[in-house]
Structure formats: structure tokens, C-alpha cells
Amino acid sequence: MKVAIIGQGYVGLTISAFAGEFFEVVGFDKNEKVVGQLNSGISHIEGVESSVLKRWIAAGRYRATSNGRDISDADLVVIAVPTPLSLDRKPDLAFIDAACRTIAENVNHPVLVINESTSYPGTLRNFIKPTIEKYGKKNFEHLYAISPERVDPGRGDFNQKNTPRLFSGLTSEASKLTHDFYSKFCDELVEVSSPEVAEAAKLFENTFRQVNIALVNEFAQIAHSLGISVYETLDAANTKPYGFMKFTPSAGVGGHCIPVDPTYLAAIAEEHGAPATFIRLANDVNLEMSKYVVDRVQADNGGTLQGKSVLVVGVAYKPNVADVRETSAELVIEHLRQRGAVVSWHDDLVGTWKGESSSVLAGAEITVVVTKHDSVKEANVISSAPYVFDTTGKIRGVHGL
Ligand SMILES: NC(=O)c1ccc[n+]([C@@H]2O[C@H](COP(=O)([O-])OP(=O)(O)OC[C@H]3O[C@@H](n4cnc5c(N)ncnc54)[C@H](O)[C@@H]3O)[C@@H](O)[C@H]2O)c1
């Protein structure tokens, strides 16, 4: 069976690597540089080993392409393209629209189309199917299913194999074929009664995280105002064996998912006249954390940051990945610069970002830790400046939330 996977980013390449063991995989991506790299067996995604790609390439079971014609004889097509927010923070399905067009213009026989991109309930039924039909030939029908992706890049304990996967087809035949596909490389498949349930479950999972992160971020501010340790309090609460789940405070949330997906849920809720109060509020609290962190740093440093050299450690949105999408480091740096600080940053995993390069981890007046990769030594952070503010809770004996 030939599987075409549209989008070779975090999600698409990860599935390609798992599927390559069982199927012939064509990874379609509009980014020709990425395609060139992938065809030389070089992975740009944490968690996808280049050696695995090379193995599938050598066995004739993987190749990347930017040419739509290369997916024309696929039996199954997976959509794994970005689903961002527009400038006015509304769901932006332009990438899904383009992927639908690629499928419609190139696949001239009935196939199973599975969407893995995160979007609001109804996307498969009311957007993907009609869009492919709009752009394509009208003399046959594809099968359609959803199986939302749950991959957590950089995570070692859970992967495509041992993370249960939700799925649902628009028809029972689509559901059956979707089950057959994923059951090759996923241990547990959970069928739900409609694509809308699967789509909503994915959004609710990330909304659950967003709201709880906001709650603990607000609690960090309460604990500080009371003069008690947020970490000790959380550890104490976490001794309760039921009804509590520990989240830890931070400078905010980043990545493609938590800051974005809940807004998809809020948008569809509001379209249907339902409230999305928690989602909107949680978003605001998380966005405000960067300002709170900089306020604390400023207060501890004589009330002004004017002219002070500040080193931000970790600009990736989470540890051990090079992903800077929606990173809270960006807002922290913005607030620091607005207050006159001379800001540099250290993150060897990211290397270069927004035209700037990673600085050495030393010689600052103030260090603010936003993300701590495992490769960053605690002792080096502590010696990098006379004042260190840690937002991660991982550096002992310094200032922090
Ligand atoms: N990254 C995660 O941890 C994660 C987890 C679960 C779900 N998701 C969801 O999966 C989807 C994909 O996210 P991602 O992190 O893999 O994104 P990504 O940015 O890492 O990769 C997307 C890839 O799609 C390519 N692309 C964009 N438009 C295209 C088109 N029209 N045709 C072909 N290729 C195209 C881009 O060049 C890029 O390589 C999103 O909906 C996201 O919300 C992401």
C-alpha cells in the first residue's frame, strides 16, 4: 500500500517514520529545502532519527517530494499541515485548503483521506470533504476519517506506538480502513461515534492543559504574594492520591498546540452561542505571565532594567526541542527590551532565531531562565550572572516563581 503524507513537519514526518516500516510512504511537503534534506536522509524533527529515514529510503519505502503528481497513485492520504490562527486570532484553514487542493488535483481515484491536523469539530465533514470535492473531479467519492495527532515532540516515554489513538470515519468503511492503517504501528485504537467527537476531544485535551497551566500560573502569583513557595505548595497538594493533577508554573505557554488549539474550540463555541469563558481567560493569564516575570525581575533589581545586560536562557518553547513557535521567551524578551534592558539569549538547540544567534552562557548582570534544556548545566546558569531568575523551578538556590 502506498501512503501519501501531506506535510512533513513534526506530525507528518513522525507518522512517516512509523508507517515506513509497513508501507511505501511518500512525504509531500511544499518546502523544497526540507524535501531535499529528507531525501538525503536527514531528519529535521526531534524524535525522528535520521538513521530510520535512511533505512526506509534504502528499502524504497520512503521518499519526500514537492511534486503533487507523486501522490497520484497513493491508496491513502494523511493530512498533517499547520492549523494556525489568523492575525485576528480566528481559525485559519488556509493550509488545509491547500492540502485539499493538492489531493483533489492529483488523486484521480477513490482513496481514504485521514486528517491528523488539529481543528474544530466539523472540519472533516464541513470543510475537508467539500473542499476536496470543490477542487476535484466529480465522478467518484473519497472516504474520509479523522485521527487527531497526540505526538509530543521530544518525549521519550510516549510515542506513536504506545499512545492510544482516537479515530472516526465519515462512513463505517472509512473507519474500518483507518483502523487497519493505524493498527500496524499503534497498540491501542479508540473508535468514537463521529469525527466531531474525535476533533472535539483533541481540542479539549489541549484546553485542559491550557486552563490548568493558567490556573497554576495565577497560583504562583498568589503564593508569592503570600510569601510561600509555589513549588512546595504544589508538592504538598500532590500528595493527595486522587482528584489532583500537578501542573507547574512557567513564563507562559508556547508551541503550536496549547496557545492555539483552545482558541479553535472557543471560536466554534462562540459561533454556536456557547460560552468559552475559561478558554479566553486562561489565554490572557498565560500571555500575562511574561510581563509578571519581568515585573518581578525589575523589582528585584532596584526598580529599573535600563541599560542592564540580561541573558535569557532557553528560547525554545519547551525543553529539549528547537521549536520556537509561540515561545513565551519572545514576550519576555520584548518586555525586557521595552524597559531598556540589553538582551541576549542562550539556546544552543535553537542556534539562530529572528536574525540573532545564541550567546555564551556567561557574563550577564541578570539571567532569566525561560526554558532549561537537559544539556544546560545548572552550575553554568548560576555562574552566568550575579542575579538569576528561574521560571522553570529547576535551578536551586536562585530567584524564581
Ligand atoms: N507539533 C505537535 O506537537 C503537534 C501535536 C499534535 C497535533 N499537531 C497538529 O498537527 C498539525 C501539523 O503540525 P506540525 O507541528 O506537524 O506542523 P509543522 O509546521 O511542523 O509541519 C507542517 C509542514 O507542513 C508543510 N506544509 C504546509 N502547507 C503545506 C501544503 N499545502 N502542502 C504540503 N505541505 C505543507 C510545511 O512546509 C511543514 O513542513 C497541526 O494542525 C498541529 O496543530 C501538532
Side-chain angles (χ1 to χ4, degrees), residues 4-18 26-39 42-48 64-71 74 77-85 91-107 113-120 123-124 127-128 131-132 135 146-155 158-160 163-167 198-199 201-207 209-210 253-265 316-327:
I5 301 181
I6 306 205
Q8 291 292 282
Y10 282 90
V11 168
L13 191 65
T14 305
I15 311 159
S16 299
F18 275 85
V26 178
F28 176 85
D29 201 292
K30 64 176 190 184
N31 184 331
E32 290 178 10
K33 190 167 156 232
V34 165
V35 165
Q37 257 184 27
L38 292 173
N39 281 332
I42 300 166
S43 163
H44 61 303
I45 297 297
E46 293 93 6
V48 178
T65 184
S66 290
N67 186 343
R69 283 193 295 278
D70 292 335
I71 71 162
V77 183
V78 176
I79 300 175
V81 294
T83 42
L85 295 172
D92 176 1
L93 298 192
F95 293 97
I96 293 204
D97 184 274
C100 290
R101 187 169 199 151
T102 300
I103 295 168
E105 289 179 349
N106 293 289
V107 182
V113 177
I114 305 176
N115 181 36
E116 289 221 15
S117 298
T118 307
S119 186
Y120 53 79
T123 300
L124 183 75
F127 187 87
I128 292 179
T131 304
I132 292 178
Y135 290 129
I146 169 86
S147 184
E149 184 50 60
R150 287 170 157 170
V151 66
D152 186 5
R155 186 165 194 133
F158 284 102
N159 56 34
Q160 294 282 335
T163 307
R165 182 176 269 283
L166 301 178
F167 74 99
E199 290 165 326
K202 168 70 194 177
L203 291 185
F204 190 68
E205 288 163 19
N206 283 352
T207 302
R209 284 184 60 72
Q210 179 223 30
V253 288
H256 187 354
C257 298
I258 313 288
V260 175
D261 299 351
T263 304
Y264 270 67
L265 189 57
Y317 84 87
K318 69 173 183 177
N320 308 324
V321 300
D323 192 347
V324 289
R325 290 178 295 180
E326 310 274 334
T327 174

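Note that ligands are numbered from 1 as they come in the structure, with each ligand's atoms numbered from 1 the same way.
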Close-contact set for ligand 1 against I6 heavy atoms, below 4.0 Å: 32 (N), 33 (C)

If we only count N/O pairs under 3.5 Å, is R325 in contact with ligand 1? yes

With a cutoff of 4.0 Å, is R101 in contact with ligand 1, counting heavy atoms of the residue only? no

Determine whether the side chains of Q8 and S16 contain a donor N or O and an acceptor N or O closer than 3.5 Å. yes

Step by step, work out the side chain to side chain contact (heavy atoms under 4.5 Å, CB included) result for V81 and I96. CA-CA 6 Å; V81 294; I96 293 204; 4.0 Å; yes

shortest atom 25 (C) of ligand 1-to-protein heavy-atom contact is with D29 OD2, 3.2 Å

Ligand-residue contact atoms, ligand 1 with E149, heavy atoms, under 4.0 Å: 6 (C), 7 (C)

among protein heavy atoms, the one nearest atom 12 (C) of ligand 1 is V81 O, 3.4 Å

Start with the C-alpha gap between H256 and T83, add the side-chain angles, then the distance that decides, and say whether side chain to side chain contact (heavy atoms under 4.5 Å, CB included) holds. CA-CA 8 Å; H256 187 354; T83 42; 4.2 Å; yes

N or O contact, H44 vs ligand 1, cut-off under 3.5 Å: no

Could you check which of P82, G27, A94 puts a non-hydrogen atom nearest to atom 27 (C) of ligand 1? P82

If you define the side chain from C-beta out and look only at heavy atoms, does anything of F18 sit under 4.5 Å from N159? yes

Could you check whether any side-chain N or O of E116 sits under 3.5 Å from a backbone N or O of G12, counting only pairs where one atom can act as donor and the other as acceptor? no

I need the contact type for C257 against ligand 1. Using non-hydrogen atoms and a strict under-4.0 Å cut-off, is it side chain, backbone, both or neither? side chain

So which protein heavy atom does atom 34 (N) of ligand 1 come closest to, and at what separation? K30 N, 3.4 Å

Ligand 1 atoms in contact with K202 (distance to a heavy atom under 4.0 Å): 6 (C), 7 (C)

Atoms of ligand 1 less than 4.0 Å from V151 heavy atoms? 3 (O), 5 (C)

Element-labelled atoms of ligand 1 that are located less than 4.0 Å from some non-hydrogen atom of G9: 16 (O), 18 (P), 20 (O), 21 (O), 23 (C), 39 (O)

Nearest-contact summary for atom 1 (N) of ligand 1 - protein heavy atom, Å: Y10 CB, 3.5 Å

Protein residue, atom and distance nearest to atom 13 (O) of ligand 1, heavy-atom basis: H256 CD2, 3.6 Å

Where do V107 and V113 land on the side chain to side chain contact (heavy atoms under 4.5 Å, CB included) test, with the steps shown first? CA-CA 11 Å; V107 182; V113 177; over 6 Å; no

Considering only protein heavy atoms, which is closest to atom 32 (N) of ligand 1, and at what distance to one decimal place? F28 CE2, 3.5 Å

With a heavy-atom distance limit of 4.0 Å, tell me whether T83 approaches ligand 1 through its side chain, its backbone, both, or neither. both

More than 12 non-hydrogen atoms from neighbouring residues, nucleotides or ligands closer than 6.0 Å to CZ on R325, yes or no? yes

Determine yes or no for a side-chain-to-main-chain donor-acceptor pair under 3.5 angstrom, with R150 supplying the side chain and P164 the backbone. yes

Do the side chain of N39 and the main chain of A64 share a donor and acceptor less than 3.5 angstrom apart? yes

Sub-3.5 Å N/O-N/O distance, V11 and ligand 1: yes

N/O to N/O below 3.5 Å, does that happen between T102 and ligand 1? no

Show me which atoms of ligand 1 lie under 4.0 Å from any heavy atom of G7. 23 (C), 24 (O), 25 (C), 34 (N)

Report the nearest protein non-hydrogen atom to atom 31 (N) of ligand 1: residue, atom name, distance rounded to 0.1 Å. A98 CB, 3.4 Å

Applying the side chain to side chain contact (heavy atoms under 4.5 Å, CB included) criterion to L166, which one of E149, K202, E205, E199 satisfies it? E205

Can you report which non-hydrogen protein atom sits closest to atom 7 (C) of ligand 1, along with the distance? T118 OG1, 3.5 Å

With distance as the sole test, does T102 use its side chain to make a donor-acceptor pair with the main-chain N or O of A98 at under 3.5 Å? yes

Y135 vs D97, test: side chain to side chain contact (heavy atoms under 4.5 Å, CB included). Steps then yes/no. CA-CA 10 Å; Y135 290 129; D97 184 274; 2.8 Å; yes

Ignoring hydrogens and geometry, is there a side-chain-to-backbone donor-acceptor pair from T131 to C100 under 3.5 Å? no

For N31, the atoms of ligand 1 under 4.0 Å from one of its heavy atoms are 37 (O)

For P84, does its backbone N or O pair with a side-chain atom of Y264 as donor and acceptor, under 3.5 Å? yes

